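None of these values were measured; they are calculated from a predicted model. FYI, the numbering just counts along the sequence from 1.
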Amino acid sequence: MENTNSSWFQPTTLLLTGIPGLEDVQIWFSIPLCVMYLIALLGNCTILFVIKTTSILHEPQYIFLSMLAATDMGLSVSTLPTVLNVFLLDHREIEFHSCLTQMFFIHTFSSMESAILLAMAFDRFFAIRNPLHYTVVLTSPRIIRMGLAAVVRGVMLMIPLPILLKRLPFCKGVILSHCYCYHPDIMKLACGPVRVNIIYGLSLVICSFAADSVFIVISYVLILKTVLDIASGDGQLKALNTCVSHIFTVFIFYVPLIVLALIHRFGTFTSPLLHVTMANLFLFLTPVLNPLVYSLKTKQIRYAVCKVFKTRGNLLK
């Protein structure tokens, strides 16, 4: 690894971390990791294919689900090279600018996912509040604009992150806490003035993840108010049942994200193993579980998946 003789430098490479203290056996962890990546990629590809090829699924709810699946695939592909390099090949080095690039995509796809989860909450509110005008309000052009807004917001908010990091000197080592590049993790290695980075990072969290989560909660408060106005108990249960998959997805996305942020804020009081566990939960929970949850819980998706595979099987005979 190249270095300069001065007390600070910008490293040419950084070192990723697998499981501290278990380096000799971490190759065995590559097997379940490969399985989870396979489930995430195949599951989300299946969701995208089924929605695209099944006309009855060309509705707002499923279009938003296809956006979520595409975002989950993007997040998985962004982390796949370094995670498997560390656990399968024990190759920990990553070039500094490649690390910044990976960091940008991880945070961008995370921001996009948060925005799409908010759009899905609005979708559930409109579907329950005014089902007769549901498809009139959420037209295809509006849905496309919402998806583009999620992409543009994610890209524009995250572009400054690598730029702000590149201006900093690094003198606190080159070892990261995770098997992928994460902004707070890289920032901890800097020895220059990081006040701007901290302020911008906090503003970014408030403008994206915090704002999205607040509006999601507001949406569900309004949904609950609407459901309580429904006269029949069966109608109330039916309306709430359409929200279960989305509520679960919101939970498995935000809880690891919040815990991981708290670990980086109060990292001196936590074990390295907890760092690794929460970092991997953040990576794998939503991409792996979302296709399973929506396939099992949504009758239309389940029926369409079975129909597609049955048709493919008949063609192969």
Side-chain angles (χ1 to χ4, degrees), residues 40 43-44 46-48 50-52 54 56-76 108-131 133-154 207-227 238-258 282 285-302 304-305:
N44 286 294
T46 301
I47 292 290
L48 287 170
V50 166
I51 292 175
K52 183 179 184 300
T54 308
I56 62 170
L57 299 181
H58 294 172
E59 296 181 3
Q61 176 184 1
Y62 304 111
I63 296 173
F64 284 124
L65 177 57
S66 67
M67 293 180 183
L68 186 68
T71 305
D72 282 336
M73 284 185 62
L75 184 60
S76 297
T108 298
F109 282 119
S110 298
S111 174
M112 288 168 55
E113 180 143 356
S114 180
I116 292 168
L117 288 174
L118 173 59
M120 294 174 81
F122 288 156
D123 166 81
R124 292 298 82 212
F125 170 69
F126 289 128
I128 293 172
R129 180 67 179 267
N130 201 341
H133 295 87
Y134 171 53
T135 55
V136 176
V137 174
L138 289 175
T139 59
S140 294
R142 284 178 179 168
I143 294 171
I144 292 171
R145 285 198 293 269
M146 292 169 76
L148 289 175
V151 174
V152 171
R153 187 193 76 166
C207 293
S208 55
F209 301 105
D212 292 345
S213 59
V214 167
F215 283 117
I216 288 172
V217 171
I218 292 173
S219 297
Y220 272 101
V221 169
L222 296 174
I223 287 172
L224 186 59
K225 183 177 182 298
T226 302
V227 168
K238 186 177 179 181
L240 288 175
N241 192 50
T242 64
C243 301
V244 171
S245 298
H246 179 255
I247 292 171
F248 182 78
T249 301
V250 169
F251 180 81
I252 62 175
F253 175 75
Y254 280 105
V255 169
L257 185 66
I258 292 170
F282 169 66
L285 267 188
T286 50
V288 170
L289 293 182
N290 280 348
L292 299 177
V293 169
Y294 277 96
S295 297
L296 294 174
K297 192 71 182 68
T298 309
K299 182 173 66 175
Q300 292 87 341
I301 294 280
R302 189 169 63 249
V305 169

Under 3.5 Å, which donor-acceptor pairs do the side chains of residues 140-150 form with other protein atoms, sequence neighbours left out?
unit_1	atom_1	unit_2	atom_2	d
Arg142	NH1	Val137	O	2.6

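- Checked against side-chain contact (heavy atoms from CB on, under 4.5 Å), Val244 has the following partners two or more places apart in sequence or in another chain: Asn241, Lys297.
- Between Ile56 and Tyr62 there is no side-chain heavy-atom pair separated by less than 4.5 Å.
- A 4.5 Å side-chain heavy-atom check between Ile301 and Thr54 finds every atom pair outside the cut-off.
- Sorted by first and then second residue, the salt bridge (Lys or Arg N to Asp or Glu O under 4.0 Å) pairs with a member in residues 112-121 form an empty list; sequence neighbours excluded.
- For the pair Ser295 (side chain) and Leu292 (backbone), a donor-acceptor distance under 3.5 Å is absent.
- For the pair Thr242 (side chain) and Ala239 (backbone), a donor-acceptor distance under 3.5 Å is present.
- Taking Ile218 as the reference, Val214, Phe215, Leu222 meet the side-chain contact (heavy atoms from CB on, under 4.5 Å) condition, with sequence neighbours excluded.
- With contacts defined as side-chain heavy-atom distances shorter than 4.5 Å, the pair Cys243/Ile223 qualifies.
- Here the CD1-CZ distance, from Ile216 to Phe125, works out to 14.5 Å after rounding to the nearest 0.5 Å.
- Atom CD1 of Ile116 is separated from atom OG1 of Thr71 by 3.0 Å, given to the nearest 0.5 angstrom.
- Remark: Gln61 engages Asp123, Arg124, Tyr134 in a side-chain contact (heavy atoms from CB on, under 4.5 Å) (not counting sequence neighbours).
- Ser114 approaches Ser208 most closely through the heavy-atom pair OG-O, 4.2 Å.
- Val151 pairs by the side-chain contact (heavy atoms from CB on, under 4.5 Å) definition with Met112, Val155, not counting sequence neighbours.
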* To do: May I have the step-by-step check of side-chain contact (heavy atoms from CB on, under 4.5 Å) for Phe209 and Phe253, ending in yes or no?
  => CA-CA 11 Å; Phe209 301 105; Phe253 175 75; 4.1 Å; yes
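- Under the side-chain hydrogen bond (donor to acceptor under 3.5 Å, both in side chains) criterion, Asp72 pairs with Asn290, sequence neighbours left out.
- Applying the salt bridge (charged side-chain N to carboxylate O under 4.0 Å, His left out) criterion to Asp212, with sequence neighbours excluded, gives Arg153.
- In terms of the ring pair (Phe, Tyr, Trp, His ring centres under 6.0 Å) criterion, residue partners of Tyr220 (sequence neighbours excluded) are, by chain and number, His246.
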